[in-house]
Amino acid sequence: PHVDLQRYLGTWYVIANIPYWLEKGKVATADVYSMRDDGKMGNVFQFRRGNFQAPQKEWKGYAWVVDNTGNAEWRAVIGHPSRDLFWILSRTRQLDPAIYQGILQRAAVQGYDVSRVALVPQPESTAP
């Protein structure tokens with residue numbers, strides 16, 4: 001019912017997703033969230049194309065919280081109400097396999113086709 005936006009800020013590594021055309025072929029992906037002066041959430045999507053040695057690139061976007069939702073519902077520049085978009089994010093580049101499997105099980109119960117979920121390659125290091 002309520003999301004503490006301050007705890008959400010910072011870097012979240014993309015562990016897995018249902019790939020779509022913008023994310024295909026990208027590795028070492030991460031979303032970096034910040035609060036903007038206008039009250040919206042800033043989002044920088046960081047990635048490398050094809051391999052870990054490729055130069056890091058980034059795309060910038062933003063989202064905003066829907067009024068009277070306790071910060072639990074956001075409106076983003078790109079979104080879709082279907083179950084075609086899905087991301088698993090973590091504060092570290094690696095996620096415990098048991099936690100990952102638990103997330104997939106909960107997602108399946110919520111109607112996601114987890115057979116479409118793909119791991120996003122991340123370097124072994126936890127450093128960005």
Side-chain angles (χ1 to χ4, degrees):
H2 178 78
V3 175
D4 180 351
L5 295 179
Q6 294 302 313
R7 289 187 65 198
Y8 199 80
L9 302 180
T11 302
W12 291 87
Y13 298 99
V14 183
I15 302 301
N17 60 26
I18 294 177
Y20 75 107
W21 65 275
L22 281 176
E23 293 177 302
K24 287 186 179 174
K26 294 178 177 61
V27 301
T29 60
D31 283 298
V32 182
Y33 294 98
S34 62
M35 281 306 266
R36 296 176 10 156
D37 290 339
D38 63 3
K40 294 178 181 173
M41 295 285 294
N43 173 236
V44 176
F45 177 65
Q46 300 175 335
F47 62 93
R48 297 178 190 274
R49 291 184 199 269
N51 64 64
F52 300 140
Q53 290 71 42
Q56 181 173 292
K57 303 212 181 246
E58 59 183 41
W59 294 330
K60 295 181 180 178
Y62 65 91
W64 60 94
V65 175
V66 176
D67 290 338
N68 301 317
T69 65
N71 297 337
E73 182 179 342
W74 296 3
R75 294 280 190 243
V77 175
I78 299 173
H80 199 278
S82 75
R83 297 293 197 234
D84 288 334
L85 300 173
F86 179 78
W87 294 268
I88 296 174
L89 305 175
S90 173
R91 290 290 191 180
T92 60
R93 291 189 186 271
Q94 310 300 320
L95 188 62
D96 180 282
I99 293 172
Y100 177 76
Q101 289 303 316
I103 292 169
L104 290 181
Q105 290 171 358
R106 290 188 300 278
V109 169
Q110 294 180 20
Y112 287 93
D113 179 358
V114 296
S115 70
R116 296 178 58 206
V117 176
L119 289 168
V120 174
Q122 293 284 352
E124 293 295 321
S125 169
T126 58

Shortest non-hydrogen contact between R116 and P19, atoms and distance: O-CD, 3.5 Å
Trace of the side-chain contact (heavy atoms from CB on, under 4.5 Å) decision for Q46 with K57: CA-CA 6 Å; Q46 300 175 335; K57 303 212 181 246; over 6 Å; no
Working for side-chain contact (heavy atoms from CB on, under 4.5 Å), residues V114 and Q105: CA-CA 8 Å; V114 296; Q105 290 171 358; over 6 Å; no
Which residues share a salt bridge (Lys or Arg N to Asp or Glu O under 4.0 Å) with R36, sequence neighbours left out: D38
Joint hydrophobic cluster, V44 plus Y62, side-chain heavy atoms closer than 4.5 Å: no
Hydrophobic cluster membership, L5 vs V32, 4.5 Å side-chain cutoff: no
Derivation and outcome, side-chain contact (heavy atoms from CB on, under 4.5 Å), residues L104 and I88: CA-CA 9 Å; L104 290 181; I88 296 174; 4.0 Å; yes
Point-to-point distance, once rounded to the nearest 0.5 Å, from CZ of F47 to OG1 of T29: 10.0 Å
For F52, the rest of its hydrophobic cluster, which grows through side-chain links under 4.5 angstrom: V27
Closest approach of V120 to A28 (non-hydrogen atoms, all atoms of both residues): CG1-N, 4.5 Å
Validation row: W59, L22 side chains within 4.5 angstrom (heavy atoms): yes
Any side-chain heavy-atom pair of R48 and Q53 under 4.5 Å: no
Verdict with supporting geometry, E23 and N17, side-chain contact (heavy atoms from CB on, under 4.5 Å): CA-CA 9 Å; E23 293 177 302; N17 60 26; 3.4 Å; yes
Flag side-chain contact, heavy atom, 4.5 Å: V14 against D31: yes
Close side-chain approach of V117 to Y100, heavy-atom, < 4.5 Å: yes
4.5 Å side-chain heavy-atom contact, L85 and Y20: yes
Side-chain donor or acceptor of Q94 paired with backbone N/O of I15 under 3.5 Å: no
Close side-chain approach of L89 to Y8, heavy-atom, < 4.5 Å: yes
Side-chain donor/acceptor of R83 to backbone N/O of Q110, under 3.5 Å: yes
Any W12 side-chain heavy atom under 4.5 Å of R91 side chain: yes
